[in-house]
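The next block holds one structure in the form of structure tokens; read it before the comments.
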Protein chains: 2
Amino acid sequence: MKRSHHCGALTPAHIGETVTLNGWVQTRRDLGGVLFIDLRDRSGIVQVVFNPAYSGEALQIADRVRSEYVIAVTGKVVKRDEETVNKNLPTGEIEVQITEIEVLNAAKTPPFFIEDGVEVDESLRLKYRYLDLRRPEMFETLKLRSKASKVFRDYLDGEEFVEVETPILTKSSPEGARDYLVPSRVHEGEFFALPQSPQIYKQLLMVGGLERYYQIARCFRDEDLRADRQPEFTQVDIETSFLQQDDLLPMMEELMAKLLRETKGIELELPFQRITYADAMGKYGSDKPDLRFGMELVEMNDIVANSGVKVFASVIEKGGEVKVLNAKGCGTWSRKEIDDLGPFAARYGAKGLAWIQVKDGEFKGPIVKFFTPEEIEAVKERTGAEEGDLLLFSADTKKVVADVLGALRLKIGRQLGLIDDSKFKFAWVVDFPLLGYDEDAKRYVAEHHPFTRPKDEDVHLFDTDPGAIRAQAYDLVLNGYEVGGGSMRIYKRDVQEKMFAALGLSTEVANEKFGYLLEAFEYGTPPHGGIAFGLDRLVMLLAGRTNLRETIAFPKTASATDLLMNAPSEVDNSQLEQLHIRVARKPVAEKK
Amino acid sequence: MKRSHHCGALTPAHIGETVTLNGWVQTRRDLGGVLFIDLRDRSGIVQVVFNPAYSGEALQIADRVRSEYVIAVTGKVVKRDEETVNKNLPTGEIEVQITEIEVLNAAKTPPFFIEDGVEVDESLRLKYRYLDLRRPEMFETLKLRSKASKVFRDYLDGEEFVEVETPILTKSSPEGARDYLVPSRVHEGEFFALPQSPQIYKQLLMVGGLERYYQIARCFRDEDLRADRQPEFTQVDIETSFLQQDDLLPMMEELMAKLLRETKGIELELPFQRITYADAMGKYGSDKPDLRFGMELVEMNDIVANSGVKVFASVIEKGGEVKVLNAKGCGTWSRKEIDDLGPFAARYGAKGLAWIQVKDGEFKGPIVKFFTPEEIEAVKERTGAEEGDLLLFSADTKKVVADVLGALRLKIGRQLGLIDDSKFKFAWVVDFPLLGYDEDAKRYVAEHHPFTRPKDEDVHLFDTDPGAIRAQAYDLVLNGYEVGGGSMRIYKRDVQEKMFAALGLSTEVANEKFGYLLEAFEYGTPPHGGIAFGLDRLVMLLAGRTNLRETIAFPKTASATDLLMNAPSEVDNSQLEQLHIRVARKPVAEKK
């Protein structure tokens with residue numbers, strides 16, 4: 001019984017036709033000897049009817065089927081009676097009068113009902129992922145992901161990018177701490193590593209003259225997982241030669257425009273806003289600001305440096321800063337509502353949270369009395385504080401102030417309904433610092449990665465002030481998430497050596513780890529740069545989900561376990577022997 | 001100096017235009033103070049000229065560049081003088097008179113010349129792969145591969161297949177002997193395995209109702225490498241629900257037709273020939289016959305069973321067989337030429353190679369005297385032997401006869417020029433046996449894999465004669481290579497259990513290894529089946545190459561080493577400690 005139509009594709013236009021459907025029994029209802037089955041396939045649901053009047057033996061067979069049985073049926077499409085039309089179903093105006101049925105497979109009662117929006121424990125969903133995937137929203141998300149990949153590929157093919165597969169079995173990198181290692185049967189005591197990204201390979205492809213490369217690449221990172229991380233993830237990896245940042249970014253904007261157009265029917269406004277890292281941190285307290293709403297942070301140092309609020313003055317003296325978030329209209333909040341922000345702010349490092357209400361034309365709150373009238377006036381003017389506003393002060397190191405007020409901005413913006421969830425607001429964050437100082441390690445670390453090209457006009461700072469060097473690096477942010485990031489790369493050996501030296505790598509170590517790259521730079525390496533998009537996260541945002549696992553067919557849990565297959569798992573000792581390794585268990589005492 | 005054109009794209013239509021080119025110096029020639037540089041980018045080569053008459057300072061700068069320098073130049077496209085036109089170069093009618101140059105990067109003299117067809121040791125090419133990739137034929141092959149992937153995707157997207165990424169970090173399979181294992185930081189003593197194929201995941205996607213899935217998937221196999229194997233390889237992985245073999249195969253033929261049309265401009269004849277496994281082995285001595293030429297093997301058992309050739313009779317008595325290959329026109333070969341076939345045949349297991357020449361109207365050769373005139377006549381008739389033919393006899397087990405004559409057929413067919421290298425001859429090999437008997441292990445093994453569905457009419461043979469069960473399995477062969485293979489899958493628990501039992505898996509072991517799959521079969525699994533194409537090999541054949549490594553950007557050597565990055569390599573003990581493993585070196589005495 002070969003399928004002639006998909007369930008969800010039937011419309012009144014098919015009335016009178018005999019069709020054969022294949023699918024799963026969603027529900028069955030017996031109404032006085034007439035059997036109604038909602039039949040589901042990936043396209044949707046249609047009602048099929050077994051009636052003694054026309055179904056004959058098929059009715060007896062159908063009587064035995066239950067939810068999730070797989071069946072094939074043949075029958076005639078008819079219009080439903082006016083009063084039985086189901087407005088909730090796209091196929092609700094018709095039904096199929098069945099004359100033949102074949103049970104293709106039986107089904108036990110599933111552990112949860114196959115339907116969108118059912119409340120099911122996620123670990124149960126992951127264990128029975130093959131049932132979870134039958135839910136329409138899961139299929140739609142996978143379809144969206146497939147479509148998104150296709151848009152990426154179509155665009156990049158059109159721009160003459162060549163798709164190249166780079167190795168998964170590769171060399172352990174110098175930040176190898178998070179590498180997955182793979183022992184080798186052939187090479188005793190030696191290991192491959194799974195790539196954290198195809199970074200070096202794509203640069204070598206540019207050395208190899210490919211000029212435009214892309215790959216939808218699997219990447220791996222063995223680290224403690226957070227809700228939005230997976231041990232394996234997918235990035236759309238792109239690299240170009242002979243282009244400058246200002247050539248690449250508009251091209252990537254066109255790509256995003258096509259993506260939104262073809263997956264969401266949304267026309268983006270181009271060009272995207274560009275905001276410097278300094279401005280993003282200053283105005284939004286984040287290097288991935290949600291720009292769907294305003295509520296910018298306001299600098300206060302000059303105004304409050306000499307105020308009577310001691311903590312402000314002392315923070316500023318120590319090189320920290322004071323900033324204000326004007327929570328418009330929250331001046332009417334109760335004392336308790338305001339106090340409840342304290343613990344939230346504390347999670348981001350705040351030691352306290354000072355505030356001022358604008359109420360009855362006046363500034364009110366515990367700290368007001370320490371301000372002079374001139375200071376009050378200056379605060380008012382700078383923050384645009386009006387009747388009914390709530391000013392939230394953070395005073396601490398730059399980082400803590402940004403973290404605290406950035407988080408409060410998002411929380412309150414959400415609470416006030418300032419965030420339009422139907423909007424897709426992209427922006428570039430540019431001019432990242434090249435290096436950050438790691439206080440623990442007492443050395444500079446690469447903010448992006450060690451191959452990022454400094455701005456030409458900043459290269460001389462390697463010798464004097466490495467921390468001030470700006471990178472030719474850029475992140476693409478969308479609604480408060482980083483969805484892409486890249487840079488122009490170093491392509492000259494001497495600059496790369498300066499970079500390694502700034503990172504504290506001795507010449508010997510640099511040569512040992514990256515000798516092949518340094519050598520490659522000497523054989524005619526073109527200027528090059530690129531970007532990588534996080535496909536999982538992009539799809540998550542396009543699908544309106546909040547969890548990366550929803551965008552992945554077979555994700556791992558937060559503890560990096562595959563609940564369906566029960567992986568990782570123990571293996572035979574003989575397997576380990578062949579790989580020249582053995583398990584080195586920690587003594588129980590050392591375990592926590 | 002932003003590129004306006006690609007080197008290879010310039011034509012007489014551009015004469016008079018000022019263009020900016022970016023690329024690599026292929027060669028430089030100084031002819032009496034005028035400097036000619038062949039400038040190369042991925043599109044091709046164009047001649048650019050520096051002449052004191054118009055180049056000014058650019059000439060001095062250009063004078064310092066050498067092969068593989070990266071430069072940007074600006075100049076005017078002009079027609080070449082008639083006598084200097086280079087017919088070997090697509091851009092040979094024009095040249096560019098340069099007025100500006102910028103050296104983007106210098107280059108040392110490369111270890112080999114960047115040109116097609118140069119004789120370079122492969123290990124040197126692999127060590128400097130980034131230089132090797134600059135050779136036009138390497139770029140063209142990668143471009144072809146990218147194009148082939150796109151054709152696959154476009155076709156499958158058009159047929160409403162959904163592209164789904166399945167995990168790379170997965171569970172060790174029961175044929176785990178060739179699994180790459182990955183220790184886990186989080187799970188002490190437990191291991192992930194890299195997939196040998198996404199087989200189980202794609203079946204679970206069918207259980208999950210996806211109906212049509214594809215993925216261009218990386219697969220891994222840790223085994224002794226042969227010339228045509230890589231530890232990681234790529235397959236186009238396809239699975240469908242509700243289709244029968246006879247629905248799927250024609251669809252895949254359309255896919256191949258599109259592939260050949262869009263990559264080679266070749267129209268394939270559809271449908272493809274289908275040949276049973278038994279016929280393929282019988283007529284061509286191979287389950288992947290090269291069908292670009294005939295030269296079929298001919299059965300002789302009935303004719304020679306009672307002949308005076310003792311070895312024939314005894315082989316037949318022991319259940320073996322005697323077959324003949326008629327090497328048309330080779331009857332004129334010298335005795336030495338014929339004798340030289342012996343060692344070749346021996347490599348395939350032949351203990352000897354009997355032969356008959358048809359010369360001067362007579363059968364000649366050492367064995368002729370043992371035949372009766374009637375037998376000679378029968379041989380003549382059966383083999384179609386004519387004047388000038390050479391009959392090659394193999395008498396042994398079925399397997400050896402097939403191997404020996406199959407190999408001779410290919411060798412002699414090639415030698416006689418019977419193989420048209422411009423032809424792409426696809427065929428399906430069908431009706432594979434489900435199980436083969438492993439004499440060493442004294443048990444049946446799956447010919448395809450344990451999930452292959454037996455033919456419905458053969459299922460009852462599980463109890464009586466498992467070796468006779470035919471599978472719903474098929475291979476796609478092209479010019480003597482297997483380029484794809486697949487099967488309809490088992491989708492009922494009881495059949496899968498019969499299959500596991502036939503393979504000697506106890507219920508306990510089957511449940512432990514495949515419990516999740518057996519369980520999945522109970523929740524409404526649709527009939528499903530699919531195929532996987534070997535992308536590396538297909539691209540190799542499309543590109544007219546004979547080595548898989550030529551189709552892969554960064555391949556590993558035959559000993560599974562990445563010569564460019566020097567992987568695998570030793571890692572820090574601290575890394576191993578975090579992964580809860582240590583290296584277990586074999587005592588030196590045990591090593592060979």
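Sequence lines set the chain letters: A, B, ... in the order given, protein chains first and strands last, and positions in each chain run from 1.
Remark: aromatic rings of A:Tyr201 and B:Phe554 are close, center separation under 6.0 Å.
Between chain A and the options B:Arg40, B:Arg493, B:Glu165, heavy-atom pairs under 4.5 Å are most frequent for B:Glu165. Taking B:Met138, B:Lys492, B:Glu190 one by one and counting their heavy-atom pairs under 4.5 Å with chain A, the maximum is reached by B:Glu190. Per-residue counts of heavy-atom pairs under 4.5 Å with chain B were compared for A:Gly515, A:Ser241, A:Ala520, A:Pro110; the largest is that of A:Ala520. Annotation: maximal heavy-atom pairing with chain A below 4.5 Å, among B:Ile114, B:Asp154, B:Asp157, B:Ile200, occurs at B:Asp157. Put simply, of B:Leu104, B:Ile71, B:Asp562, the one with the most heavy-atom pairs under 4.5 Å next to chain A is B:Leu104. Looking only at heavy-atom pairs under 4.5 Å with chain B, the residue among A:Ile216, A:Ile552, A:Asp247, A:Leu243 that has the most is A:Asp247. Counting heavy-atom pairs under 4.5 Å between each of B:Phe521, B:Tyr516, B:Phe242 and chain A puts B:Phe242 at the top. Ranked by heavy-atom pairs under 4.5 Å with chain B, the first of A:Leu210, A:Leu517, A:Val25 is A:Leu210. Comparing A:Val186, A:Leu169, A:Leu205 by how many heavy-atom pairs each has under 4.5 Å with chain B, the most go to A:Leu169. Counting heavy-atom pairs closer than 4.5 Å to chain B, the top residue among A:Ala567, A:Gly23, A:Ser146, A:Ser67 is A:Ser146. Considering only heavy-atom pairs separated by less than 4.5 Å from chain A, the leading option among B:Ser184, B:Pro526, B:Ala553 is B:Pro526. With respect to chain B, the highest number of heavy-atom pairs below 4.5 Å among A:Leu142, A:Leu133, A:Val164, A:Val70 belongs to A:Val70.
B:Arg145 places a side-chain N or O within donor-acceptor distance of the main-chain N or O of B:Thr551, the cut-off being under 3.5 Å. B:Thr561 places no side-chain N or O within 3.5 Å of a backbone atom of B:Leu563 that could act as its donor or acceptor partner. B:Trp24 places a side-chain N or O within 3.5 Å of a backbone atom of A:Gly524 that can act as its donor or acceptor partner. Proximity of a side-chain donor or acceptor of B:Asn105 to a complementary backbone N or O of A:Tyr491 within less than 3.5 Å is detected.
Of the atoms belonging to B:Met206, it is backbone heavy atoms, and not side-chain ones, that fall under 4.5 Å from chain A. For chain B, no part of A:Gln244 is nearby; none of its heavy atoms comes within less than 4.5 Å. If you measure heavy-atom distances from A:Arg212 to chain B, the contacts under 4.5 Å come from both the backbone and the side chain. At a 4.5 Å heavy-atom cutoff, A:Asp572 makes no contact with chain B through either its backbone or its side chain. In this structure, chain A has a heavy atom under 4.5 Å from the side chain of B:Leu535, while its backbone stays farther away. Both the backbone and the side chain of A:Val207 come within less than 4.5 Å of a heavy atom of chain B. Within the 4.5 angstrom heavy-atom criterion, only side-chain atoms of B:Ser149, from C-beta onward, approach chain A. Interface remark: B:Asp222 contributes backbone and side-chain atoms alike to the contact with chain A (heavy atom separation under 4.5 Å). No part of B:Glu577 comes within reach of chain A, as not one of its non-hydrogen atoms sits under 4.5 angstrom from that chain. Residue A:Lys150 touches chain B through its side chain alone, counting heavy-atom pairs closer than 4.5 Å. Heavy atoms closer than 4.5 Å to chain B are found in the side chain of A:His187, but not in its backbone. With a 4.5 Å cut-off on non-hydrogen atoms, B:Leu579 touches chain A through its side chain but not through its backbone. Only the backbone of A:Ala106 comes within contact range of chain B, with at least one heavy atom under 4.5 Å from a heavy atom of that chain. Only the side chain of B:Leu194 comes within contact range of chain A, with at least one heavy atom under 4.5 Å from a heavy atom of that chain. B:Glu519 touches chain A through backbone and side chain together, each having a heavy atom under 4.5 Å away. Both the backbone and the side chain of B:Pro167 have a heavy atom closer than 4.5 Å to some heavy atom of chain A. With a 4.5 Å cut-off on non-hydrogen atoms, A:Asn22 touches chain B through its backbone and its side chain both. Using a 4.5 Å cut-off between heavy atoms, B:Asn566 touches chain A through backbone and side chain atoms alike. Both the backbone and the side chain of B:Arg134 come within contact range of chain A, judged by heavy atoms closer than 4.5 Å. Heavy atoms closer than 4.5 Å to chain B are found in the side chain of A:Lys2, but not in its backbone. Contact annotation for A:Gln215: only side-chain heavy atoms (C-beta onward) come within less than 4.5 Å of a heavy atom of chain B. B:Thr109 touches chain A through its backbone: at least one of N, CA, C or O sits under 4.5 Å from a heavy atom, while the side chain does not. Interface remark: B:Phe139 contributes side-chain atoms only to the contact with chain A (heavy atom separation under 4.5 Å). Heavy atoms closer than 4.5 Å to chain A are found in both the backbone and the side chain of B:Arg42. With a 4.5 angstrom heavy-atom cutoff, A:Arg582 touches chain B via backbone and side-chain atoms both.
Classification of the A:Phe161-A:Tyr214 ring pair by plane angle, with boundaries at 30° and 60°, yields perpendicular. Classification of the A:Phe220-A:Tyr180 ring pair by plane angle, with boundaries at 30° and 60°, yields perpendicular.
Classification of A:Lys556 and A:Glu232 as a salt-bridged pair holds, one side-chain N sitting under 4.0 Å from a carboxylate O. B:Glu211 and A:Arg3 are joined by a salt bridge, as a carboxylate oxygen and a charged side-chain nitrogen come within less than 4.0 angstrom of each other.
The salt bridge (Lys or Arg N to Asp or Glu O under 4.0 Å) search around B:Asp132 returns B:Arg125, B:Arg129, B:Arg135, not counting sequence neighbours. Residues that satisfy the ring-ring contact (aromatic ring centres under 6.0 Å, His included) test with A:Tyr523, not counting sequence neighbours, are B:Tyr128.
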Salt bridge (Lys or Arg N to Asp or Glu O under 4.0 Å) between A:Glu570 and A:Arg585, intermediate numbers included: CA-CA 13 Å; A:Glu570 297 196 352; A:Arg585 289 188 193 280; 3.5 Å; yes

Salt bridge (Lys or Arg N to Asp or Glu O under 4.0 Å) between B:Glu68 and B:Lys108, intermediate numbers included: CA-CA 8 Å; B:Glu68 299 309 317; B:Lys108 294 197 298 193; over 6 Å; no

B:Arg153/A:Glu163 under salt bridge (Lys or Arg N to Asp or Glu O under 4.0 Å): CA gap, chis, key distance, verdict: CA-CA 12 Å; B:Arg153 291 197 170 100; A:Glu163 183 182 5; 2.9 Å; yes

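When only modelled atom types and interatomic distance are considered, A:Ser172 and A:Asp179 share a side-chain donor-acceptor pair under 3.5 Å.
Within 6.0 Å of the CD atom in B:Glu160, the count of heavy atoms belonging to other residues, nucleotides or ligands does not exceed 12.
Using a 4.5 Å heavy-atom cutoff, the side chains of B:Pro111 and B:Leu131 are in contact. With contacts defined as side-chain heavy-atom distances shorter than 4.5 Å, the pair A:Pro555/A:Phe233 does not qualify.
For the side chain to side chain contact (heavy atoms under 4.5 Å, CB included) with B:Leu181, the qualifying choice from A:Ile581, A:Leu576, A:Val182 is A:Leu576, the only one to do so.
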